[in-house]
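Contents: one structure, followed by commentary.
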Number of protein chains: 2
Amino acid sequence: MFDEADKSYPIELVAEFLGINSRTLYYYEKFSLVCPLRRGRKRYYSKEDINWLEYVRELMYEHGMNLRSIIILIKRRDAVILDRCPEDVVLCFKNYLARKDNGTKKIKIEGEDDALKDIK
Amino acid sequence: MFDEADKSYPIELVAEFLGINSRTLYYYEKFSLVCPLRRGRKRYYSKEDINWLEYVRELMYEHGMNLRSIIILIKRRDAVILDRCPEDVVLCFKNYLARKDNGTKKIKIEGEDDALKDIK
DNA sequence: ACTTTAATTTCACTTTAAATGAAAAACATT
DNA sequence: AATGTTTTTCATTTAAAGTGAAATTAAAGT
């Protein structure tokens with residue numbers, strides 16, 4: 001599906017790959033579920049981002065978790081979320097946290113810490 | 001809250017204790033999430049039932065699981081549901097399964113195996 | 001047996017989370 | 001400035017979970 005040579009992918013391609021609407025990816029980002037690299041204002045999703053998103057979808061649709069609880073686990077850096085997590089996704093998760101925390105991203109995304117705000 | 005001497009409680013009392021509508025308890029029963037003892041057609045909830053229901057609520061509201069996945073875990077008798085389950089609730093769960101399977105209940109509840117039917 | 005009483009069931013409605021559609025806005029590029 | 005593309009906003013849709021109220025049914029009392 002994805003060319004091994006490339007290292008990042010535009011939102012539309014990722015959405016298509018995941019079988020969801022790109023709007024849903026913006027939606028997830030509002031809750032800090034993913035934070036793709038920004039070059040200018042355009043988003044670039046890494047393979048880690050994509051694996052991570054796949055895992056989030058799995059948590060939702062196979063383990064029946066809701067977004068709220070996934071977000072809570074992330075905020076806690078909860079070991080629970082890693083327990084049953086495939087090896088490679090653990091790495092993605094750590095990369096995700098690192099990026100999220102260290103602010104590798106170029107542009108401060110507003111509403112970054114809206115996570116949970118709109119979720120009641 | 002509950003008198004230690006008694007061993008079972010009517011639906012309204014249980015609903016009030018759990019802070020939910022009694023209608024919700026009927027709703028859960030449709031999906032075989034709980035099966036109180038029936039005397040005549042009236043329902044009597046044991047302490048085990050109540051602990052079990054409290055745990056189900058916890059799974060939903062603290063662990064963010066949806067009914068569908070909880071039901072699936074029950075159907076599988078999945079170890080997962082027991083892993084993080086408090087000791088006493090494990091017992092309740094086993095009692096629940098035993099009662100559900102052995103049919104201690106007096107009246108065959110229709111829609112007993114509707115579980116998952118209405119959940120899409 | 002008949003009436004009364006109370007639990008249950010049915011049906012339709014409300015609420016909320018999750019996802020999405022479409023148009024407006026914001027940038028980059030030419 | 002005009003064009004094209006991504007993003008954002010706003011409103012709507014969908015489905016799960018929960019609930020209200022009336023209709024139904026069974027038990028209990030007379």
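Because the structure is a prediction, the values reported are computed rather than measured. Below, chain A is the first sequence line, B the second, and so on; all start at residue 1.
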Checklist outcome for this item: Closest non-hydrogen atoms of D49(A) and Y44(A), given as atom of the first, atom of the second and distance, are OD2-O, 4.1 Å
Next on the checklist: Under 3.5 Å, is there any donor-acceptor pair linking the side chain of R38(A) to the base of dT6(D)?
Outcome noted: no
Checklist entry - Can you check the Y9(B) OH to dA7(C) P distance for me, whole Å? => result 18 Å
Checklist entry - dA19(C) phosphate, OP1 or OP2: any side-chain N/O from Y28(A) under 4.0 angstrom? => result yes
Next on the checklist: Can you see if the side chain of R43(A) gets near the phosphate of dT7(D) - specifically, an N or O under 4.0 Å from OP1 or OP2?
Outcome noted: yes
Checklist entry - Rounded to the nearest Å, what distance is computed from the CG atom of residue N21(B) to the C1' atom of nucleotide dA12(C)? => result 15 Å
Next on the checklist: Using a distance-only criterion (donor-acceptor N/O pair, under 3.5 Å, no hydrogens), is the base of dA16(D) paired with the side chain of R68(B)?
Outcome noted: no
Item to check | Heavy-atom side-chain proximity of M65(B) to H63(A) below 4.5 angstrom | outcome: no
Checklist entry - Heavy atoms, side chains only, cut-off 4.5 Å: are Y27(A) and L67(A) in contact? => result yes
Item to check | hbond_proxy R23(B) side chain to dT10(C) base (donor-acceptor, 3.5 Å cutoff) | outcome: yes
Checklist entry - Expressed in angstrom and rounded to an integer, what is the separation of E12(A) atom CD from dT7(D) atom P? => result 9 Å
Checklist entry - When the distance from CG of L18(B) to C1' of dT19(D) is rounded to whole Å, what number comes out? => result 16 Å
Checklist entry - Across all strands, who's sitting opposite dC11(C) as a Watson-Crick or G-U wobble pair, both distances under 3.5 Å? => result dG20(D)
Next on the checklist: Parallel, tilted or perpendicular: which one describes the rings of Y55(A) and W52(A), with boundaries at 30° and 60°?
Outcome noted: tilted
Checklist entry - Roughly how many Å is it from CE in M60(B) to P in dA17(C), rounded to a whole number? => result 13 Å
Checklist entry - side-chain hydrogen bond (donor to acceptor under 3.5 Å, both in side chains) with S22(B): which of E16(B), E12(B), R43(B)? => result E12(B)
Next on the checklist: Rounding to an integer number of Å, can you tell me how far F31(B) CZ sits from dG18(D) C1'?
Outcome noted: 11 Å
Checklist entry - Below 4.0 angstrom from OP1 or OP2 of dA19(C), is there any side-chain N or O of Y61(A)? => result yes
Checklist entry - Taking atom P of dA17(D) as reference, at what distance in whole Å does atom CG of L53(B) sit? => result 15 Å
Next on the checklist: Under 3.5 Å, is there any donor-acceptor pair linking the side chain of R41(A) to the base of dT6(D)?
Outcome noted: yes
Checklist entry - Atom CD1 of I11(B) to atom P of dT19(D): distance rounded to whole Å? => result 12 Å
Item to check | Out of dT8(D), dT19(D), dA17(C), whichever nucleotide has its closest atom nearest the side chain of Y27(B) | outcome: dT19(D)
